[in-house]
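Just the heavy atoms: all of them, side chains too, but no hydrogens, waters or symmetry mates, feed the values below. Chain letters run A, B, ... following the sequence lines, proteins first and then strands; every chain starts at 1.
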Amino acid sequence: SIPFSLLNLRIQVGINSNRAISLFVCFRWEEERYTDGVKWKFLEHKGPVFAPPYIPLPDKVKFYYDGKHMKLSPQAEEVATFFGKMLDHEYTTKDIFRKNFFKDWRKEMKPEEKSTIVDLNKCDFEEMNQHFKDQSEARKQMSKEEKLKLKEENEKLLQEYGFCIMDNHKERIANFRIEPPGLFRGRGNHPKMGMLKRRIRPEDIIINCSKDSKVPVPPHGHKWKTIRHDNKVTWLVSWTENIQGSIKYIMLNPSSRIKGEKDWQKYETARRLKKCVDKIRAQYREDWKSKEMKVRQRAVALYFIDKLALRAGNEKEEGETADTVGCCSLRVEHIKLHTELDGQEYMVEFDFLGKDSIRYYNKVPVEKRVFKNLQLFMENKQPEDDLFDRLNTSILNKHLQELMDGLTAKVFRTYNASITLQQQLKELTNPDENVAAKILSYNRANRAVAILCNHQRAPPKTFEKSMQNLQTKIDAKKDQIGMARRELKGAKADHKVKKDEKTRKSVESKKKALQRVEEQLMKLEVQATDREENKQIALGTSKLNYLDPRISIAWCKKWDIQTEKIYNKTQREKFAWAIDMADEDYEF
DNA sequence: CCAGTTACTTAGTAGATACACC
DNA sequence: GGTGTATCTACTAAGTAACTGG
């Protein structure tokens, strides 16, 4: 096995033969795997970085209750600042947020404060809010030297705490800072929004590292909760968060061996699905006719997961989280059946909130048999009843496991996303077009996947304006082209008369100038199309989590496009394994 | 089969930074 | 050189899925 650092060195010194590199890299990525779930043999790190302690407000920043100034105790004041900071945010207008915040805030108050402050509506956080605005303004106005100093301090912290040693490799840690205290910002209609996320102390922290490593030292006067040496897990640090009682972890960066290998494995599983997906599809179609209700439900759910790339849909504890669903947890109220709609037969209209409370809305034609089954599943049910009442993710995944080793519901999403990218790239790439146009095609292929997976984003606040600006530029460019054309024409006429070297050269240069502006216009127009089509669609999520990077690398190699054009630095680091592995004939 | 626990991936967004343009 | 905008990064919430023990 070859240490990662050595591999880096070889690449940095610039060995250009692809073959040499991939031979080399095979060793790294196909380095011996541990058995029995062992993830590492040696792990050493410096532990987490804690949130900076609370700095009390200067005396001039006042809090008013019912119009009267009130000096808050430090604990109460800290929690108050969390709210004060957020005054401009929509959250602070929401009843649940306000209610949860107030309840938790009161818990931090001294008895006198508690007896005085009984109504949030009488609290005036305005000066706090202004104070923090001033602070952030001051930060922006800092001198170059001050900014540089801050940057250097940050870098020092990163160098000290941001890396660990795992089995001979120095690896980057993803999140070495402990989450600071604040108000919980759940997504969508979350019943716990506004609750106080408490400050994490060393006494809450579990450290995981190897026995023979230098164990991280807790801050002076403190102790860790526990120190573990569990090499069957990948995390370095964990603690239990107080809102949902779930565990939070510090883990490695996506560029690390441990994450890279797992990612690679994920796509290999999806490729194995590719080999047997036809059989599985035939099977679930057969199961639509099953005598057993459970089997039919399983088969229809799987059909949705496969066709629409829906998530599995685990059960959730009611009242603990926002009301969102996936495939197995769909309720009757989330679909409408139309025997005929938009001129098509057997249409299903989906409308539900999925992960992160992102709305999934889609009208899809389905097979008659699926339609009839859905009617059957919905019979005698209330809107709030489960559509698939005999099914859950555990049943579904057990079934899938029997169809293929390692198969679970989410593999379908990975498989369908990657295969779609590959198909779309084949279809959309025009060999005759230039690089900019090819990249537009790439983005369009990427977009097709994002649409399939329903990856949305809030349209940028400045979208309309930036679109307008781009249009202005396009118009200006068109004027320029007109001008360049006229100049070329003039030069040509001149040359016709004079027929000398000077005028010939002038024609040449005018030609080039015209070509240049025409290309610039092309680029701008492509950019405009791309941006318009991308308004509400987030490409990043699929690019990072669903698309086998080897497909993209192969595409780049095939069309002689630099990897940098489609992957930025972080993405190239994450996909280092693929960049090293894939050649232009790679097929998913 | 069920509920509870744990570990890990996937997700959108806020704020920082880089970049283009005047 | 300053400003507005696009892009990147960090952050952390919200999923999936395995496992455990009754």
OP1 or OP2 of C/dC8 under 4.0 Å from side-chain N/O of A/Asn568: yes

Quick one: label A/Pro180 by what it contacts on the DNA or RNA (base, sugar-phosphate, nothing), any heavy atom closer than 4.0 Å. sugar-phosphate

Under 4.0 Å from OP1 or OP2 of B/dG12: is there any side-chain N or O of A/Gln456 that close? no

Check this one for me: any side-chain N or O of A/Lys266 less than 4.0 Å away from OP1 or OP2 of B/dT9? no

Can you tell me if the side-chain N/O atoms of A/Asn175 get under 4.0 Å from OP1 or OP2 in C/dC11? no

Does A/Arg187 reach a base, just sugar-phosphate, or nothing at all? Heavy atoms under 4.0 Å. base

Base, sugar-phosphate or nothing for A/Lys39? Non-hydrogen atoms, less than 4.0 Å. sugar-phosphate

Taking any heavy-atom pair under 4.0 Å as a contact, classify A/Ala322: base, sugar-phosphate, or nothing. nothing

Whichever of A/Ser238 and A/His89 has the more 5' nearest nucleotide on DNA chain B, that residue is A/Ser238

Taking atom P of B/dA16 as reference, at what distance in whole Å does atom CG of A/Leu158 sit? 17 Å

Using heavy atoms to find the nearest nucleotide of DNA chain C for A/Lys355 and A/Gly406 separately, return the residue whose nucleotide is more 5′. A/Lys355

Nearest of C/dG15, B/dG12, C/dA18 to any side-chain atom of A/Asn397? C/dA18

Can you tell me the distance, in whole Å, between the CG atom of A/Asn454 and the C1' atom of C/dG15? 14 Å

Starting at CG of A/Asn314 and ending at P of B/dT9, how long is that distance when rounded to a whole Å? 16 Å

Without swapping roles, check the side chain of A/His169 against the backbone of A/Met166 for a donor-acceptor pair under 3.5 Å. no

Shortest non-hydrogen separation from A/Leu396 to A/Ala409 and the atoms involved: CD2-CB, 4.2 Å

Kindly say if A/Thr408 contacts the phosphate of C/dA17, meaning a side-chain N or O under 4.0 Å from OP1 or OP2. yes

Using only side-chain N and O atoms of A/Arg413, determine if any of them is under 4.0 Å from OP1 or OP2 of B/dA11. yes

Residues A/Lys133, A/Asp88: salt bridge by 4.0 Å N-O rule: yes

Are any of A/His190's side-chain N or O atoms less than 4.0 Å away from OP1 or OP2 of C/dA13? no

Give A/Lys197 one of three labels, base, sugar-phosphate or nothing, depending on what nucleic acid heavy atoms sit under 4.0 Å from its own. sugar-phosphate

note: A/Leu547, atom CG; B/dT10, atom P; distance rounded to Å ~ 11 Å

If the threshold is 4.0 Å, N to carboxylate O, is there a salt bridge linking A/Lys149 and A/Glu152? no

Hey, does A/Tyr249 reach any base, or is it just sugar-phosphate, or nothing, if we go heavy atoms under 4.0 Å? base

Any salt bridge between A/Arg359 and A/Asp351, counting N to O under 4.0 Å? yes

Where each residue is assigned the nucleotide of DNA chain C containing its nearest heavy atom, which of A/Gly313 and A/Leu183 is assigned the position nearer the 5′ end? A/Leu183

Should A/Thr541 be listed as having a side-chain N or O under 4.0 Å from OP1 or OP2 of B/dG12? yes

Tell me what A/Arg390 touches on the nucleic acid: a base, only sugar-phosphate, or nothing, going by heavy atoms under 4.0 Å. nothing

Relative to each other, are the rings of A/Phe575 and A/Trp577 parallel, tilted or perpendicular (30° and 60° limits)? perpendicular

Could you label the plane-to-plane angle of the A/Phe352 and A/Tyr360 rings as parallel, tilted or perpendicular, counting under 30° as parallel and over 60° as perpendicular? parallel

Any side-chain N or O of A/Lys398 below 4.0 angstrom from OP1/OP2 of B/dC1? no

On DNA chain B, more 5' by nearest nucleotide between A/Lys294 and A/Asp230 is A/Lys294

Under the criterion ring-ring contact (aromatic ring centres under 6.0 Å, His included), which of A/Phe176, A/Trp239, A/Trp235 is the partner of A/Tyr249? A/Trp235

Rounded to the Å, how far apart are A/Arg185 CZ and C/dC11 P? 14 Å

Tell me what A/Gly326 touches on the nucleic acid: a base, only sugar-phosphate, or nothing, going by heavy atoms under 4.0 Å. nothing

Checking B/dC8, B/dT13, C/dG15 against the side chain of A/Trp235 (C-beta onward), the nearest is B/dC8

Does A/Arg177 put a side-chain nitrogen or oxygen below 4.0 Å from OP1 or OP2 of C/dC11? yes

Report yes if a donor N or O on one partner sits less than 3.5 Å from an acceptor N or O on the other, where the partners are the side chain of A/Lys410 and the base of B/dT10; otherwise report no. no

Looking only at the side chain of A/Tyr546 (C-beta and beyond, no hydrogens), which of the listed nucleotides B/dA11, C/dA14, C/dT12 gets closest? B/dA11

Reckon A/Arg172 has a side-chain N or O less than 4.0 Å from the OP1 or OP2 of C/dA10? yes

Spacing between A/Arg139 atom CZ and B/dT17 atom P, to the nearest angstrom: 11 Å

Measure from NZ or CZ of A/Lys197 to the centre of the six-membered ring of A/Phe184, then state whether that distance is under 6.0 Å and the direction lies within 45° of the axis. no

Using a heavy-atom cut-off of under 4.0 Å over every strand shown, decide if A/Gly540 touches base, sugar-phosphate, or nothing. nothing

Touch check for A/Ala174, heavy atoms < 4.0 angstrom, all strands: base, sugar-phosphate only, or nothing? nothing

Of the candidate nucleotides C/dA13, C/dA14, B/dT9, which contains the atom at the shortest distance from the side chain of A/Lys259? B/dT9

What is the distance from CG of A/Asp356 to P of C/dC11, rounded to the nearest Å? 19 Å

At under 4.0 Å, does any side-chain N or O of A/Lys147 touch on OP1 or OP2 of B/dA16? no

Counting any heavy atom closer than 4.0 Å, what does A/Thr234 reach on the DNA or RNA strands: base, sugar-phosphate only, or nothing? sugar-phosphate

Give the rounded distance in Å between these two atoms: CG of A/Leu544 and P of C/dC8. 12 Å

May I ask you to say what A/Thr324 touches in the nucleic acid, namely base, sugar-phosphate or nothing, with a heavy-atom cut-off under 4.0 Å? sugar-phosphate

